[in-house]
*Asks:* 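Before I ask anything, let me first share the structure, which is written out below as structure tokens.
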Amino acid sequence: MKSTMKRNLIAGLALVAMVTSACGNKNASFGLLTDETRFTQNSDPTNGKIDVLWVIDNSGSMSSSQSRMTAEISRFIDLFNAKGFDYRMAVITSDAYRSIFGADPNTRTKFKDGTDQTSHTGVFMVTPTTPSLNQTFVTNAMQGVSGSGDERQFQSIEVALTHAVNAGFGFPRADAFLAVIMLSDEDDFSHDGSAYLDGQYTNAAVHTTDRYVAFLDGLTGATAANRSSKYNVNSIHIQDQACLDLLNAEYPGRRIGLRYTELVDKVNGIKGSLCDDFGTTLSNISNKIIELATQFYLDRVPNPDTLDVKINGVQVPHLQSTDPQPWNGFIYHADTNSLTFHGSFVPPSGATIAVRFDPTGLK
């Protein structure tokens with residue numbers, strides 16, 4: 001008995017000596033076990049659901065811009081279809097806000113299925129299974145030029161997404177990424193009154209862009225930390241004097257979209273010019289939406305150099321944000337501890353994403 005106790009005591013003292021020696025040895029190291037996180041596309045935290053709200057300026061000067069945009073709609077939709085995303089697209093106009101001031105919400109604020117001047121599709125929500133999908137969207141989006149010259153894109157977004165006339169459509173879905181795309185050759189001067197405040201940037205009545213960031217945050221449950229995975233706002237508008245001069249030669253009275261730029265820059269959007277190629281712009285917007293909608297958040301902070309990512313067993317190149325575009329691979333974002341995928345490596349519906357790394361700290 002005494003012999004056993006003595007042996008145990010000696011063993012214990014030896015263990016203490018080893019730990020003490022290691023703690024005092026500057027060359028000693030204690031590794032953390034490699035972690036692995038697995039995601040499945042179409043499941044939390046990324047579910048492959050994308051809701052797109054198009055806000056079309058239907059004032060008198062917009063005929064050619066609507067035609068050019070809808071002619072390139074396949075450049076926007078094709079990647080969604082190729083990756084198998086579950087998307088819905090709805091259309092409103094820049095005067096949807098007018099139901100606030102007594103206009104019939106069924107003709108102003110309700111999601112559009114065409115116009116009386118063209119035809120009606122009877123489809124208020126375009127989805128991957130919509131028959132003649134592209135043509136149906138074109139009919140819905142060609143909203144003509146008989147709308148109000150007091151274009152209020154921001155206020156129309158808020159009204160359309162909160163008015164009872166659209167409640168039955170279930171749009172946007174609570175678990176979907178929300179993308180807003182605005183098309184206009186004017187700027188936004190949303191405010192609470194009915195007066196026309198065009199050009200009055202310093203008028204205190206004009207709503208700030210922060211008001212609409214706060215609205216979209218509340219609608220989607222976003223915070224400043226995770227906003228990029230909940231929604232974004234994109235815009236195709238006049239960006240500079242050269243474009244303004246060119247378009248005003250055709251139809252005067254247009255304006256550079258300064259407030260569109262301000263809002264888009266705050267919420268991870270893409271800005272396109274009415275004077276640029278619409279196909280390229282729509283493709284850029286589509287890629288950005290998919291990038292944000294497939295953002296994967298890690299539950300531990302990795303050593304970035306150890307990140308090893310595979311999609312369905314296929315190795316994904318680790319890119320840096322400074323690499324020249326176009327990107328094909330994944331980027332790690334330290335500020336949000338998340339991964340985004342780009343180009344041919346955007347995960348398709350149902351894909352399994354395996355992320356292995358050495359963590360920087362214990363759980």
*Asks:* Heavy-atom distance under 4.5 Å between the side chains of Val233 and Tyr212, does that happen here?
*Replies:* no

*Asks:* Are Arg173 and Asp86 within salt-bridge range, i.e. N to O under 4.0 Å?
*Replies:* yes

*Asks:* Could you check if a side-chain atom of Val309 sits within less than 4.5 angstrom of a side-chain atom of Val355, using non-hydrogen atoms only?
*Replies:* yes

*Asks:* Run the side-chain contact (heavy atoms from CB on, under 4.5 Å) test on Arg75 and Thr280 for me, step by step, so that the C-alpha distance in whole Å, both residues' side-chain angles and the decisive distance to 0.1 Å come before the verdict.
*Replies:* CA-CA 8 Å; Arg75 295 284 297 276; Thr280 299; 4.2 Å; yes

*Asks:* State, to 0.1 Å, how close Arg152 and Ser190 come at their nearest heavy-atom pair, and which atoms those are.
*Replies:* CB-OG, 3.5 Å

*Asks:* Quick one: does Ser67's side chain have a donor or acceptor within less than 3.5 Å of a partner on Ser63's backbone?
*Replies:* yes

*Asks:* Scan side-chain atoms only and decide if Asp187 and Tyr201 contain a donor-acceptor pair under the 3.5 Å cut-off.
*Replies:* yes

*Asks:* Is a donor on one side and an acceptor on the other found under 3.5 Å between the side chain of Gln239 and the backbone of Gly257?
*Replies:* no

*Asks:* Within the 3.5 Å criterion, strictly below it, is a donor on Asn287 or Glu291 matched to an acceptor on the partner's side chain?
*Replies:* no

*Asks:* Please report the interatomic distance CD(Gln315) to CZ(Phe345), rounded to the nearest 0.5 Å.
*Replies:* 9.0 Å

*Asks:* In this structure, would Leu178 and Ile270 fall into the same cluster of hydrophobic residues linked by side-chain contacts under 4.5 Å?
*Replies:* no

*Asks:* Roughly how far, to the nearest 0.5 Å, is the CG atom of Leu246 from the CD1 atom of Ile238?
*Replies:* 9.5 Å

*Asks:* With no hydrogens and no angle check, is any side-chain donor or acceptor of Asn248 less than 3.5 Å from a backbone partner on Gly253?
*Replies:* yes

*Asks:* Can you name the closest pair of heavy atoms from Thr306 and Asp358 and give their distance?
*Replies:* OG1-N, 2.8 Å

*Asks:* So, does Asn337 use its side chain to make a donor-acceptor pair with the main chain of Leu298 at under 3.5 Å?
*Replies:* yes

*Asks:* Establish whether Val165 and Met125 are linked, either directly or via other cluster members, by ILVMFWY side-chain heavy-atom contacts under 4.5 Å.
*Replies:* no

*Asks:* Do Lys49 and Asp51 sit within salt-bridge range, that is, some charged N less than 4.0 Å from a carboxylate O?
*Replies:* no

*Asks:* Please check if any side-chain donor atom of Asp185 sits under 3.5 Å from a side-chain acceptor atom of Ser61, or the reverse.
*Replies:* yes

*Asks:* Calculate, to the nearest 0.5 Å, the distance between atoms CG and CD1 belonging to Leu216 and Ile157 respectively.
*Replies:* 6.5 Å

*Asks:* Verify whether one side chain among Thr281 and Asn284 offers a donor that lies under 3.5 Å from an acceptor in the other.
*Replies:* no

*Asks:* Are Phe137 and Val55 joined in one hydrophobic group, where the rule is that I, L, V, M, F, W and Y side chains link up if heavy atoms are under 4.5 Å apart?
*Replies:* no

*Asks:* Distance check, rounded to the nearest 0.5 Å: Asn106 atom CG versus Asn166 atom CG?
*Replies:* 9.0 Å

*Asks:* Under 3.5 Å, is there a donor-acceptor pair between the Tyr231 and Asn268 side chains?
*Replies:* no

*Asks:* By side-chain hydrogen bond (donor to acceptor under 3.5 Å, both in side chains), which residues pair with His333, not counting sequence neighbours?
*Replies:* Thr340

*Asks:* Going by atom types alone, do Ser148 and Asp150 pair a side-chain donor with an acceptor below 3.5 Å?
*Replies:* no

*Asks:* For the residue pair Gln295 / Ser229, report whether a side-chain donor-acceptor contact shorter than 3.5 Å exists.
*Replies:* no

*Asks:* With a distance cut-off below 6.0 Å to the six-membered ring centre and an angular limit of 45° from the axis, does Lys110 pair with Phe124 as a cation-pi contact?
*Replies:* yes

*Asks:* Which heavy-atom pair separates Ser235 from Val264 by the least distance, and what is that distance?
*Replies:* CB-CG2, 3.7 Å

*Asks:* Less than 4.5 Å apart, any side-chain heavy atom of Asp198 and any of Arg255?
*Replies:* yes

*Asks:* Below 30° counts as parallel, above 60° as perpendicular, anything between as tilted: where do the rings of Phe154 and Tyr260 land?
*Replies:* perpendicular

*Asks:* Is the backbone N or O of Arg98 less than 3.5 Å from a side-chain atom of Asp95, with the two atoms forming a donor-acceptor pair by type?
*Replies:* no

*Asks:* Using a 4.5 Å cut-off on heavy atoms from C-beta on, say whether the side chain of Asp188 contacts that of Leu263.
*Replies:* no

*Asks:* Should Glu262 and Lys266 count as an ion pair when the cut-off is N to O under 4.0 Å?
*Replies:* yes

*Asks:* Would a 4.5 Å heavy-atom cut-off, applied to side chains only, mark His191 and Asn203 as touching?
*Replies:* no

*Asks:* For a 4.5 angstrom cut-off between non-hydrogen side-chain atoms, does Pro172 reach Leu53?
*Replies:* no

*Asks:* Evaluate the side-chain contact (heavy atoms from CB on, under 4.5 Å) criterion for residues Val52 and Val126: first the C-alpha distance (whole Å), next the side-chain angles of each, then the deciding distance (0.1 Å), finally the verdict.
*Replies:* CA-CA 10 Å; Val52 184; Val126 173; over 6 Å; no

*Asks:* Can you give me the closest heavy-atom contact between Ser74 and Asn134, atom names plus distance?
*Replies:* CB-ND2, 3.6 Å

*Asks:* Of Gln66, Gln153, Lys112, Met182, which meets side-chain contact (heavy atoms from CB on, under 4.5 Å) against Ile56?
*Replies:* Gln66

*Asks:* Tell me the closest heavy-atom pair linking Ser156 and Ser94, and the distance in Å.
*Replies:* OG-O, 3.1 Å

*Asks:* Test side-chain contact (heavy atoms from CB on, under 4.5 Å) on Asp57 and His237; report intermediate values, then the result.
*Replies:* CA-CA 10 Å; Asp57 184 342; His237 60 270; over 6 Å; no

*Asks:* Does Thr352 offer a backbone N or O that forms a donor-acceptor pair with the side chain of Asn312 under 3.5 Å?
*Replies:* yes

*Asks:* List the steps, then state whether side-chain contact (heavy atoms from CB on, under 4.5 Å) holds for Ile353 with Ile311.
*Replies:* CA-CA 5 Å; Ile353 300 93; Ile311 297 176; 4.1 Å; yes

*Asks:* Check for a donor-acceptor pair, side chain of Thr209 on one end and backbone N or O of Arg259 on the other, with a separation under 3.5 Å.
*Replies:* no

*Asks:* In terms of side-chain heavy atoms, does Asn58 have a donor or acceptor partner in Glu151 at a distance below 3.5 Å?
*Replies:* no

*Asks:* Under 4.5 Å between side-chain heavy atoms, counting indirect links through other Ile/Leu/Val/Met/Phe/Trp/Tyr residues: same cluster for Met89 and Phe85 or not?
*Replies:* yes

*Asks:* With rounding to the nearest 0.5 Å, note down the distance linking CE in Met62 to CG in Leu274.
*Replies:* 6.0 Å

*Asks:* Using 30° and 60° as the class limits, which term best fits the ring planes of Phe111 and Phe169: parallel, tilted or perpendicular?
*Replies:* tilted

*Asks:* Does some side-chain heavy atom of Val145 sit less than 4.5 Å from a side-chain heavy atom of Tyr251?
*Replies:* no

*Asks:* Could you verify whether a donor N or O on one side chain and an acceptor N or O on the other, from His318 and Tyr332, lie under 3.5 Å apart?
*Replies:* no

*Asks:* Once you round to the nearest 0.5 Å, how far does OH of Tyr297 lie from CG of Asn226?
*Replies:* 5.5 Å

*Asks:* So which heavy atom on Val91 is nearest to which on Gln143, and how close?
*Replies:* CG1-CG, 4.4 Å

*Asks:* Answer yes if Ile331 and Val316 sit in the same cluster of Ile, Leu, Val, Met, Phe, Trp and Tyr residues linked by side chain heavy atoms under 4.5 Å apart, and no otherwise.
*Replies:* no

*Asks:* Would Phe296 and Phe341 count as a close aromatic pair, with their ring centres under 6.0 Å?
*Replies:* yes

*Asks:* Please verify the inter-ring angle class for Tyr87 with Phe80; under 30° counts as parallel, over 60° as perpendicular, anything in between as tilted.
*Replies:* tilted

*Asks:* Going by heavy atoms in the side chains, are Asn234 and Ile289 under 4.5 Å from each other?
*Replies:* yes

*Asks:* Identify whether the distance between the nearest side-chain nitrogen and carboxylate oxygen of Lys230 and Asp217 falls below 4.0 Å.
*Replies:* no

